[in-house]
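Here is the structure we will look at.
Each ligand, and each atom within it, is numbered from 1 in the order the structure gives.
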Amino acid sequence: MPHFIFHRRGRRRVARMAAWSLIALLAACARTPLPPATLQWLCMGTTAAVSAPHGEEARLQRIRAAAGETFAEIERDLSVFRPASTLAAINAAAGSGIPVPLGAHAAAAIALARDAAAAGGGAFNPTVGPLMALWGFRGATRTQPPDEAEIAAARGRVDWRAIRLDTLPDGTSAASLACTDMALDLGGIAKGYAVDCAFDRLRATQETDFLINLGGNIRACGTPGAGRDGWRIGVRDPFRRDGLLGTVTLADGEAVATSGNYERFVELAGTRYAHIIDPRSGRPVRGMAGVTVLAPTAAAADALSTTLFVLGAEEGRRLLERTPGCHALWVTDETPPRLIPSPGFAARFAPEQIRK
Ligand code: AMP
Ligand code: MG
């Protein structure tokens with residue numbers, strides 16, 4: 001399977017993702033006599049899925065086609081693993097001073113990533129590429145964790161303020177990175193952005209009542225059927241592959257995303273390191289198993305779940321207080337794990353739906 005900026009998974013991982021999506025969907029329709037229909041496919045190195053109410057399979061095919069086209073367009077632009085992508089061109093030109101012209105997707109996604117970095121005080125950092133590579137998330141055959149000097153050197157090349165985004169006279173944009181060996185990595189926001197693009201495209205053609213899921217970045221439109229509640233989504237238990245902690249029901253247009261330490265990790269000298277890096281320390285975050293975020297858009301949920309994974313519950317709750325419409329659940333990586341919901345999440349969470 002080719003490698004993408006998005007989570008790289010083996011076939012077994014994808015099969016597990018498919019099972020998880022199914023569980024989420026079962027949860028979505030638990031109180032309905034006939035389950036919604038779902039189509040799944042592999043895309044951007046993860047599982048994509050669209051759902052629509054039972055009996056609307058022809059419409060679901062149209063939704064699948066539109067979402068598939070949108071995801072493919074965005075992947076061409078934003079995959080760091082595709083040498084022809086815009087992101088690869090920006091990284092290759094880092095430090096040269098030559099701005100790389102951007103298509104609409106790259107311009108929008110980079111601008112959103114910069115906003116997320118600013119909002120989270122740098123906890124979300126789209127220039128985390130050198131640290132991802134250093135810790136072995138870019139295919140290196142490292143067996144020991146990097147030493148202090150290596151971490152300090154890589155941290156010196158991680159600075160979201162060094163992303164330059166210019167508007168050209170014709171109204172298009174161009175981007176560049178200030179220093180050699182810097183590297184953009186939009187893995188923390190690109191899937192959410194892609195879900196929003198598919199959502200907007202479908203809404204523009206008057207589609208309603210559908211669910212889009214790209215690797216656990218989910219956005220809902222309408223309901224799973226006439227007269228039924230909104231789409232009900234299972235929140236995965238980070239410690240049990242097919243287990244759920246509970247469910248949340250999405251309002252029309254709302255999104256949910258989860259960042260998990262089980263999604264992708266490396267094992268160095270017998271210790272597992274998860275794929276989310278704290279840019280302040282230059283080290284993978286420890287002590288957090290998963291963070292689930294409800295937000296008005298999928299890009300916001302995606303960026304915020306990564307941000308709040310880095311910040312933890314205490315600092316994260318302060319950020320949430322200034323972020324309207326967003327709610328989070330932290331699950332700590334300890335025995336037993338602690339579930340820490342923000343007040344807004346607690347009000348929406350249905351733990352009684354746990355399926356053991
Ligand atoms: P997510 O699963 O949405 O939390 O995204 C995790 C991915 O975002 C990783 O696989 C990296 O590609 C990237 N990433 C890791 N750490 C950070 C960070 N601190 N800020 C932004 N992106 C990050
Ligand atoms: Mg994210």
Please state whether the rings of Trp135 and Tyr273 are parallel, tilted or perpendicular, taking 30° and 60° as the class boundaries.
tilted
For the Mg ion (ligand 2), angle spanned by Gly188 O and Asp302 OD1 (nearest 10°) is 70°
Relative to atom 21 (C) of ligand 1, which among Asn125, Val128, Thr127 owns the nearest non-hydrogen atom?
Asn125
Option set Ser259, Gly188, Ser305, criterion heavy-atom distance to atom 5 (O) of ligand 1, minimum:
Gly188
Would one find more than 12 heavy atoms of other residues, nucleotides or ligands at under 6.0 Å from atom CD of Glu314?
no
If you count heavy atoms of other groups shown closer than 6.0 angstrom to CZ of Arg280, is the number above 12?
yes
Can you tell me if [X] contacts ligand 1 (heavy atom of the residue under 4.0 Å from the ligand)?
X: Phe309; value: no
X: Ala123; value: yes
X: Arg264; value: yes

Is the Mg ion (ligand 2) less than 2.8 Å from an N/O/S atom of Gly192, whether that atom is in the backbone or a side chain?
no
Under 2.8 Å from the Mg ion (ligand 2), is there any N, O or S atom belonging to Thr306?
yes
Heavy-atom check, side chain of Phe71 versus side chain of Trp41, under 4.5 Å:
yes
Row check, Phe137 ring normal vs Arg142 NZ/CZ: under 6.0 Å, within 45°
no
